[in-house]
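The structure appears right after this line, and notes come after that.
Per chain, numbering begins at 1; letters A, B, ... match sequence-line order.
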Amino acid sequence: MLKKITFFFSHSKQVFPFISTHSYTRQLTSSSYPPNPPSLNTLISSGNLNYALLEMALQGCEMGFRDYDTILNECVSKRAFREGQRVHAHMIKTNYQSPVYLRTRLIVFYTKCERLEDARRVLDEMPERNVVSWTAMISGYSKRGYDSQALNLFVQMLRSGTAPNTFTFATVLTSCTGAFGFDHGSQIHSLIVKCLFESHIYVGSSLLDMYAKAGKIHESRGVFEGLPERDVVSCTAIISGYAQLGLDEEALGLFRRLQREGMTYNYVTYASVLTALSGLAAFEHGRQVHNYVLRYEVPSYVVLQNSLIDMYSKCGNLTYSRRIFDTMSERTVISWNAMLVGYSKHGKGRKVFELFELMKEENKVRPDSITLLAVLSGCSHGGLENRGLEIFDEMMGRIDGVEPTIEHYGCIVDLLGRAGQVEKALEFIKQMPFEPTVAIWGSLLGACRVHLNVDIGEFVGTQLLEIEPENAGNYVILSNLYAAAGKWEDVQRIREMMKEKAVIKEPGRSWTELDQTLHTFYASDRTHPRKEEVFGKVRDLSARFKEAGYVPDLSCVLYDLDEEQKERILLGHSEKLALAFGLINTPEGKPIRVMKNLRICIDCHNFAKFVSMVYEREVSLRDKSRFHHIIRGVCSCGDYW
DNA sequence: GTAGGGTTAG
C-alpha cells in the first residue's frame with residue numbers, strides 16, 4: 001500500500017510566521033524618600049514581603065480583608081511557604097473571622113506550596129464552603145496526581161449539595177485515569193450533559209482527553225467534533241490522543257486538516273506531532289519540524305528538545321540526538337532518559353553506561369525509575385551483565401534510591417537469560433516479590449530458544465500458553481525452540497494448539513521512507529502499485545542469497561503447508577518486501593532503513609544480514625522494541641531480541 | 001479565590 005504523507009510544512013510563510021522577540025528594558029527611576037512611611041499594601045505590592053511581615057508584627061497590626069488578600073496573593077505567587085504560614089497564624093491569633101474567599105486563598109496557597117494536608121485542614125475547618133473552595137482543593141489533589149482523593153472529594157462535594165461548575169468538571173476529569181478512569185469519566189460525562197456543559201471548551205477538551213487516555217478514540221473524536229468552537233488546547237488534545245495511541249497517520253492527517261482550517265498551535269502541538277513522526281520514523285518530516293522549532297524558542301524549549309532527541313533516536317540517527325543533548329542549556333530527567341533509552345534500543349550498552357556515569361557525576365538531576373530501566377536494559381543488551389547486576393543491587397539497597405518495580409526485575413531476568421544463565425534466571429523469577437508477568441515469561445522463553453534449553457523452555461512455554469493462550473507470538477517462539485531441537489512432533493502439537501486458540505492480533509507491516517513518502521507493505525502485499533517489481537526482486541534476492549549460504553528458516557511458518565508453500569509465505573514477509581523496495585530505489589552503498597510494527601522474525605533477520613553482506617549495505621531495521629543495525633552480516637542485537 | 005493539551009518506558 002502506498003501512503004503518502006503530504007509535505008505539510010511546505011507553506012512555511014503562512015504556517016509558521018517568523019517570530020521575533022522584542023526585548024525592552026524599562027528604566028526604573030528612583031524617587032526621593034517618601035514623605036510618609038509606606039503603607040502595608042505598598043510594601044507588599046513592592047514585593048518586600050519580609051519587610052511587610054515585620055511591619056505587621058511590629059504594629060500588632062489590625063489587619064483587614066484587603067491586607068490579608070494582598071499579602072496572601074503575594075505569598076501564592078512567590079510560593080513563599082514560611083511567610084504565608086505566618087500570615088495564617090496571624091489570622092488565627094487575632095481571631096480574625098476569615099470569609100470563604102480568604103480561606104479559599106489559603107487552600108490555593110497551601111496546594112501551590114505542595115502542602116496538601118494543610119490545605120485540606122483549611123477546607124475541613126471552614127464553617128461554610130462554596131464551589132470555588134471545593135474546586136481549589138480538588139485541583140490541588142489532581143495536579144499532584146492524587147486522583148482518588150480528588151474523585152472522593154468531588155463525590156463529597158456533590159453529596160453536600162454544591163453544584164459543580166465548569167472549573168470543577170474540567171479539573172476532576174484530569175483525575176479520571178488508570179484502570180477505573182473510563183468508568184468514572186463516563187459517569188461524570190453524564191453529569192456534564194445534565195448541567196449543559198458539554199459544549200464548554202475547557203470541559204470539552206478535558207473530556208475528550210479523558211476518553212483518548214482511556215483508549216476510546218471514537219468517543220474522544222465525537223466530543224471534539226461536537227465542540228462549537230476550537231482552540232489550540234482542544235486541537236492539540238485530540239492530535240495527541242491519536243499519537244499516544246500509536247495512531248500516527250491519523251494524528252498527522254488530522255493535524256494537516258486542522259492546519260488547513262486555520263488552527264493555532266504551540267510547543268505542545270509540536271511535541272505531539274513529533275510523537276507521531278517518531279512512531280513512523282519519518283526522519284525527513286521530523287527534521288522539518290526541528291527547523292521550525294529552532295525558530296520557536298519558548299521557555300518550554302526543553303520539552304521540545306526532549307521530543308527531538310527521541311524523534312531522531314527513533315528515526316535511527318543517534319548522532320543528531322546526542323548533538324541536541326550536548327547543546328542543551330538545561331536538562332530534565334526526561335532528557336537523560338530519552339538519550340539513555342536511545343542508546344539502549346540501539347544496542348549501545350557501553351554508551352548507556354558512560355552516560356549514566358556522567359549523569360551521576362553531574363548530580364543535577366536524580367535518576368528515576370525509567371532511567372534505571374534504560375540502564376539495566378542497556379547493560380543487558382550491551383553484554384555488561386555484571387554492571388547491570390551491580391546497579392540492581394545498589395538500587396535495592398538504598399533508601400533514597402528508586403523503588404524496583406516488576407519491570408526492573410524483568411530486566412534482570414532478561415539480562416541473565418541473555419548471558420545464557422537460564423537456570424539462574426528461573427530461580428530469580430521464583431524469588432521475586434511479584435507474580436511473573438507474560439513479559440517476564442516471554443523474555444525467558446526467548447532466552448531458552450537462543451540457548452537451546454528445551455526443558456526450561458517447555459516449562460516456561462506452558463506457563464505462558466496458559467496465561468495468554470490467545471497470543472500467537474508465544475506459539476511461534478515455542479515452536480521455533482522445538483524445531484531448533486529437532487522435536488518435530490512437538491512442533492506439530494504446538495501448531496495444532498495455535499490453530500485452535502490463537503488470535504493473530506495485528507497484521508505485520510513494514511515501511512520505508514523514500515523522498516518524504518512512506519511506502520508501507522503488508523505481508524504478501526498485493527496493494528502496492530509496484531508490487532510485481534518488488535516480489536520479483538525478493539525472489540531474485542532469495543536465489544542469490546542461497547548461493548551465498550542462505551537457508552530459509554521454515555520453522556517461522558506455523559501453517560500446515562508443504563515446504564514450497566512455506567517458503568512462499570516467508571518471502572512475502574513485509575520486512576523482505578520493504579528491504580527489496582529499498583534496494584531497488586536507493587543508490588549503491590546507501591544505508592537502507594526499514595521499520596516494522598511487530599518483532600522481526602528470525603528468517604527476515606537472517607535475510608537482512610545477507611542484504612548487508614552481498615550488497616555491502618548497512619541495514620537498519622527498527623522493530624517493535626529495538627533497532628537492528630546490520631553491517632557486513634553482523635547485527636547490533638547480537639542475534640537476541 | 002477554582003479550569004483543559006505535552007516530552008522518556010510499557
Side-chain angles (χ1 to χ4, degrees), chain A residues 69 72-73 76 98-109 111-112 122 129-140 142-143 157 164-174 197 200-210 212-213 220 223-224 227 230-241 243-244 246 265-275 278 300-311 313-314 321 331-342 344-345 367-374 376-377 405-408 410-411 437-439 624-625:
Chain A
D69 186 31
L72 275 177
N73 193 23
V76 169
S98 304
V100 179
Y101 179 97
L102 275 187
R103 290 179 195 257
T104 306
R105 257 228 200 281
L106 278 172
I107 293 176
V108 173
F109 162 73
T111 60
K112 293 262 157 78
V122 175
R129 307 168 190 184
N130 64 17
V131 59
V132 185
S133 15
W134 285 103
T135 308
M137 191 64 231
I138 294 170
S139 164
S142 289
K143 285 214 167 69
M157 172 184 174
N165 63 13
T166 53
F167 287 71
T168 325
F169 283 121
T171 304
V172 76
L173 281 169
T174 63
F197 288 147
H200 187 275
I201 186 99
Y202 280 66
V203 177
S205 35
S206 201
L207 194 54
L208 77 89
D209 188 57
M210 179 278 292
K213 290 205 166 79
S220 178
V223 174
F224 179 74
L227 286 177
R230 289 169 185 166
D231 66 359
V232 59
V233 177
S234 50
C235 289
T236 306
I238 187 73
I239 290 168
S240 112
Q244 282 173 2
Y265 31 81
N266 58 19
Y267 76 97
V268 184
T269 327
Y270 287 103
S272 303
V273 167
L274 280 170
T275 301
S278 302
S300 297
Y301 194 47
V302 60
V303 172
L304 280 173
Q305 286 174 313
N306 294 342
S307 295
L308 286 166
I309 291 175
D310 182 56
M311 183 274 293
S313 149
K314 288 192 174 139
S321 297
R331 296 187 192 110
T332 62
V333 67
I334 296 179
S335 328
W336 290 93
N337 290 352
M339 199 65 236
L340 287 165
V341 167
S344 171
K345 288 201 168 177
D368 68 4
S369 160
I370 298 174
T371 319
L372 268 298
L373 280 180
L376 291 176
S377 131
T405 65
I406 183 90
E407 281 89 8
H408 296 101
C411 281
T437 58
V438 287
K624 198 178 183 183
S625 57

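As a whole-Å value, the separation of A/Leu274 CG from B/dT7 P is 11 Å. Rounding to whole angstrom units, CG of residue A/Asn337 and P of B/dT7 are separated by 14 Å. In this structure, the NE2 atom of A/His408 is 12 Å from the C1' atom of B/dG10, given to the nearest Å. One atom, CE of A/Met210, and another, C1' of B/dG4, lie 13 Å apart when rounded to the nearest Å. For the pair A/Asp310 CG and B/dT8 C1', the computed distance is 7 Å after rounding to whole Å. Distance, A/Arg331 CZ to B/dT8 P: 18 Å, rounded to whole Å. When rounded to the nearest whole Å, the span between CZ of A/Phe224 and P of B/dG4 equals 18 Å. A straight line from CG of A/Asp231 to P of B/dG6 spans 14 Å, rounded to a whole angstrom.
For B/dG1, the base has no donor-acceptor partner in the side chain of A/Asn73 [N/O atoms by modelled type, under 3.5 angstrom].
Among the protein residues, A/Val100 comes within range of the nucleic acid bases, having at least one heavy atom under 4.0 Å from a base atom. Within the 4.0 angstrom heavy-atom criterion, only backbone atoms of the sugar-phosphate kind lie near A/Lys345; the bases stay farther away. Counting non-hydrogen atoms under 4.0 angstrom, A/Thr275 reaches the backbone sugars and phosphates but no base. Here A/Thr168 lies out of heavy-atom contact (under 4.0 Å) with every strand. Among the heavy atoms of the strands lying under 4.0 Å from A/Val232 is at least one base atom, whether or not backbone atoms are also near. Across all strands, A/Ser307 comes closer than 4.0 Å only to sugar-phosphate atoms, never to a base (heavy-atom distances). Contact annotation for A/Asp368: no contact, since no heavy-atom pair falls under 4.0 Å across all strands. At the heavy-atom level, A/Ile201 lies under 4.0 Å from base atoms of the strands shown. Counting non-hydrogen atoms under 4.0 angstrom, A/Leu373 reaches nothing in the nucleic acid. Here A/Ser206 lies in heavy-atom contact (under 4.0 Å) with sugar-phosphate atoms only. When heavy atoms are screened at a 4.0 angstrom cut-off, A/Ser240 is found touching the sugar-phosphate backbone but no base atom.
With sequence neighbours excluded, the residues satisfying side-chain hydrogen bond (donor to acceptor under 3.5 Å, both in side chains) with A/Thr135 are A/Thr168.
Summarising the geometry, atom OG1 belonging to A/Thr405 is positioned 10.0 Å from atom CD1 belonging to A/Ile370; distances are rounded to the nearest 0.5 Å. Separating the CG atom in A/Leu72 from the CZ atom in A/Phe109 is a distance of 7.5 Å, to the nearest 0.5 Å.
Listed pair A/Lys213 / B/dG6 meets the phosphate criterion, a side-chain N or O lying under 4.0 Å from OP1 or OP2. For the pair A/Thr171 and B/dT2, the criterion of a side-chain N or O lying under 4.0 Å from OP1 or OP2 is not met. At B/dG6, one or more side-chain N or O atoms of A/Gln244 fall inside 4.0 Å of OP1 or OP2 (strictly under the cut-off). At the phosphate of B/dG1, neither OP1 nor OP2 sits under 4.0 Å from any side-chain N or O atom of A/Lys112. Between B/dA3 and A/Lys143, a contact under 4.0 Å exists linking OP1 or OP2 to a side-chain N or O.
For A/Thr174, taking side-chain heavy atoms from C-beta onward, the closest of the listed nucleotides B/dG4, B/dG1, B/dA9 is B/dG4. Minimum atom distance to the side chain of A/Thr135 is reached by B/dT2, of the listed B/dG5, B/dG1, B/dT2. Side-chain atoms of A/Phe167 lie closest to B/dA3 of the nucleotides B/dG5, B/dA3, B/dA9. When each of B/dG6, B/dA3, B/dG1 is scored by its nearest atom to the side-chain atoms of A/Ser272, the top-ranked nucleotide is B/dG6.
Using the six-membered ring where Trp is involved, A/Phe197 and A/His200 have ring planes that are perpendicular, over 60° apart on the 30 and 60° scheme.
Taking the side chain as every heavy atom from C-beta outward, A/Cys235 and A/Thr269 never approach each other to under 4.5 Å.
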_Let's go through A/Ser377 and A/Ser344 carefully: what are the C-alpha distance in whole Å and the side-chain angles of both, what is the deciding distance for side-chain hydrogen bond (donor to acceptor under 3.5 Å, both in side chains) to 0.1 Å, and is it a yes or a no?_
CA-CA 6 Å; A/Ser377 131; A/Ser344 171; 2.8 Å; yes
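Side-chain contact, A/Ser234 with A/Asp231: a donor N or O sits under 3.5 Å from an acceptor N or O.
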